[in-house]
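Worksheet for the structure shown next.
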Amino acid sequence: MTDSIIEPRAVSGFPEWLPEEEAEFQRLLGIVKKGFETFGFAPIETPAAELLEVLASKGEINKQIYTLARPNAAEEERETDMALHFDLTVPLARYVAMNFDKLSFPFRRYQIQKVWRGERPQKGRFREFYQCDIDVIGHESLDPLNDAEIPAVIYGIFTKMQIGAFVIRVSNRKILQGILLEFATPAEIAMEALRIVDRLPKIGADAVQHDLETGCGLPSELAAHIIEIAGISGRGADVMERLEKNNHSHPLYLEGAEELKLLVTNLAALGVPDDAFEVDLSITRGLDYYTGTVYETFLRDYSQLGSICSGGRYDNLASHFTTQHLPGVGISIGLTRLFSNLLDAGIVKPSAKSPSKVLVSVMDRARLKDYFSAATELRHAGIPTEVFLENKRFKAQIKYADKKGIPLVLIAGETEFATGTWLLKDMRNGIQTSISRKELVTCVSSLL
RNA sequence: GUGGGUAUAGCUCAGCUUGGUUAGAGCGCCAGAUUGUGGCUCUGGAGGUCGAGGGUUCGAGUCCCUUUACCCACCCCA
């Protein structure tokens, strides 16, 4: 045996958590899952790998896509056409196109899976991370009411997470697009202009004005007007009022305003309070497949964390895979990034290191069967229980419960066996109570 | 891809400017004080090729060069 050990190193950008952190992550994951299902979204899972051809359906192969390879495979059996999915939208498009005849529309699905991107990792940016997606896919058409319901899903989830005040910001790309088209801006230029406007909060009005003029060739008056409109934000009703005072008449503009109004007027009934919602016309999202409503969600006290959930409406999900017309609307929560930020900020705290609620200590190894049957009773009652199996002093057993965050310790030695009255110690306050062996489950339950 | 920074104990870091006995601290870990009781305290202990390679020097954790890794920011995004 060689005495050289390989220095253990994890791949940068591929995060992993300690048990007490992972438990918290799983708790949040459960909230997301429940939140999605509460709105009738059905879970699906697609493979980690797709054919490169499928992932590259939008034209070029994204620089950030990882392919799969077997470095030791013989030359002739090397597969180079498999790649890890980069998001969940393209796999969804493929899935819907393939199963079109078996799915019922509108199709409401959620998908919580890891995705992989070849990025340079840094704080809050990973190469492997969880995306939690919901989408509603319509066939031929999808009512704008679907757009209105999405904020309610988001609101429900982040409220349950108890991660502080947050705000869902919503806009509709058709509004700015309509204005640009009204002034005869070519479609591609309009698209580019929206991308620039998206950076308004980040780089400021002057920089955007400059970029719109020099980058897109917009007349300075139009650029200024776009910035003015994009600068509108606030309570839904107030923004709608301001928009109605504008005299724009382009059909796209009117459509966008109408859709936004539908969303705004239904929020209260859908359970989204005013203080968690804002219309912000500067939100356009850089991605060009969004065609109408767009969403971004921020924590009020930690806006520097960036958007914790975003998405929007698109015209046609799977135009590369089918001739069926499939409009949709969806959002994605980047749970890994959110979780890692929440941990750093101390908004979520690591939980206990073990799910165990009871540690059965073993004082007398000759009575093992008594300890095991007590544990079995507790387990049958659904109470996570472990028995201390190592041959160590009692002190070490108590210490173990303390370190693992196990709240209750069941104790029985010579005296207890003699009287049939065991001890139950509550580690949280140090209080130790004598309990009848027969009432074990009842007593434990009442302390949990 | 562009620009900065860091690398010393399991973890967080000091030591480097002004090179010089056995390289330190806090936390964590193990043991004991208390052989049926954790957290607090005290005592003791284990644990380091000072990222790697080369150079300068009588002598390098410290100075110089190379290299690798990681971190942060930009771009973009979740």
Side-chain angles (χ1 to χ4, degrees), chain A residues 3-5 7-15 18 32 62-65 85-89 111-134 154 195-196 198-199 202-203 284-290 294-299 304-312 330-342 344 353 359 361-365 367 388 391-418 422-434:
Chain A
D3 55 1
S4 72
I5 58 168
E7 188 195 350
R9 297 190 307 132
V11 180
S12 169
F14 289 66
L18 293 171
V32 173
N62 190 308
K63 273 194 300 191
Q64 298 184 334
I65 287 177
H85 58 222
F86 161 90
D87 63 17
L88 300 176
T89 307
Q111 211 169 335
I112 300 175
Q113 285 181 242
K114 284 179 174 173
V115 305
W116 293 270
R117 295 187 187 177
E119 302 229 28
R120 179 158 295 188
Q122 56 182 269
K123 195 185 181 70
R125 164 179 296 187
F126 301 96
R127 297 196 281 185
E128 174 181 83
F129 58 94
Y130 275 95
Q131 279 199 328
C132 312
D133 277 31
I134 50 168
I154 302 173
R195 226 191 309 271
I196 292 169
D198 191 49
R199 308 181 64 212
K202 206 168 191 175
I203 63 175
T284 67
R285 313 242 40 230
L287 302 172
D288 49 8
Y289 60 84
Y290 290 120
V294 282
Y295 314 92
E296 296 209 318
T297 304
F298 295 86
L299 293 182
Q304 73 279 5
L305 298 191
S307 172
I308 60 173
C309 166
S310 47
I331 49 131
S332 178
I333 304 172
L335 197 62
T336 303
R337 168 185 276 187
L338 175 61
F339 177 69
S340 116
N341 281 329
L342 291 175
D344 286 351
K353 293 179 180 180
L359 176 73
S361 65
V362 174
M363 277 184 160
D364 181 358
R365 294 208 132 211
R367 305 294 294 253
F388 197 92
N391 191 3
K392 285 195 179 165
R393 292 161 43 184
F394 182 63
K395 183 189 175 77
Q397 307 193 20
I398 287 280
K399 199 167 180 170
Y400 174 83
D402 180 45
K403 283 199 306 184
K404 284 277 183 87
I406 303 172
L408 300 175
V409 179
L410 187 60
I411 303 165
E414 205 177 333
T415 6
E416 287 74 24
F417 285 120
W422 290 22
L423 290 175
L424 190 57
K425 175 164 182 146
D426 190 329
M427 298 296 289
R428 294 163 295 192
N429 51 25
I431 294 172
Q432 213 161 261
T433 45
S434 290

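Order of the sequence lines sets the chain letters (A, B, ...), proteins ahead of strands, with each chain counted from 1.
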Taking 4.0 Å as the cut-off, does a side-chain nitrogen or oxygen of [X] come that near to OP1 or OP2 on [N]?
{"X": "K392(A)", "N": "rA31(B)", "value": "no"}
{"X": "S12(A)", "N": "rC71(B)", "value": "yes"}
{"X": "R199(A)", "N": "rC75(B)", "value": "yes"}
{"X": "Q131(A)", "N": "rA78(B)", "value": "no"}
{"X": "R120(A)", "N": "rG4(B)", "value": "no"}
{"X": "K395(A)", "N": "rG36(B)", "value": "no"}

Original post:
Would F129(A) count as stacked on rA78(B) if the rule is ring centres under 5.5 Å and plane angle under 30°?
Top reply: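 Stacking between F129(A) and rA78(B): present.
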Original post:
Among rG39(B), rC30(B), rC76(B), which nucleotide sits nearest the side chain of E119(A)?
Top reply: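 The closest nucleotide is rC76(B).
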**OP:** For a side chain to side chain contact (heavy atoms under 4.5 Å, CB included) with K425(A), tell me which candidate from L408(A), I431(A), T433(A), I411(A) qualifies.
**Re:**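 Among L408(A), I431(A), T433(A), I411(A), the one meeting side chain to side chain contact (heavy atoms under 4.5 Å, CB included) with K425(A) is I411(A).
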Original post:
Want to settle it: does R125(A) or Q122(A) sit nearer the 5' end of RNA chain B, counting the closest nucleotide to each?
Top reply: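 Nearest-nucleotide comparison on RNA chain B picks Q122(A).
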Subject >> Rounded P spacing from rA46(B) to rG26(B) in Å >> reply: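 Per the computed distance, 16 Å lies between those P atoms.
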**OP:** Take atom P in rG28(B) and the same atom in rU43(B), then report the distance between them in whole Å.
**Re:**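 Taking atom P in both rG28(B) and rU43(B), they lie 15 Å apart.
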Original post:
Which one is paired to rC71(B), where only Watson-Crick or G-U wobble pairs with both distances under 3.5 angstrom count?
Top reply: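 Result: rG4(B).
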Original post:
Checking only heavy atoms, does the side chain of Q397(A) share a donor-acceptor pair with the base of rU37(B) at less than 3.5 Å?
Top reply: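 Result: no qualifying N/O pair found.
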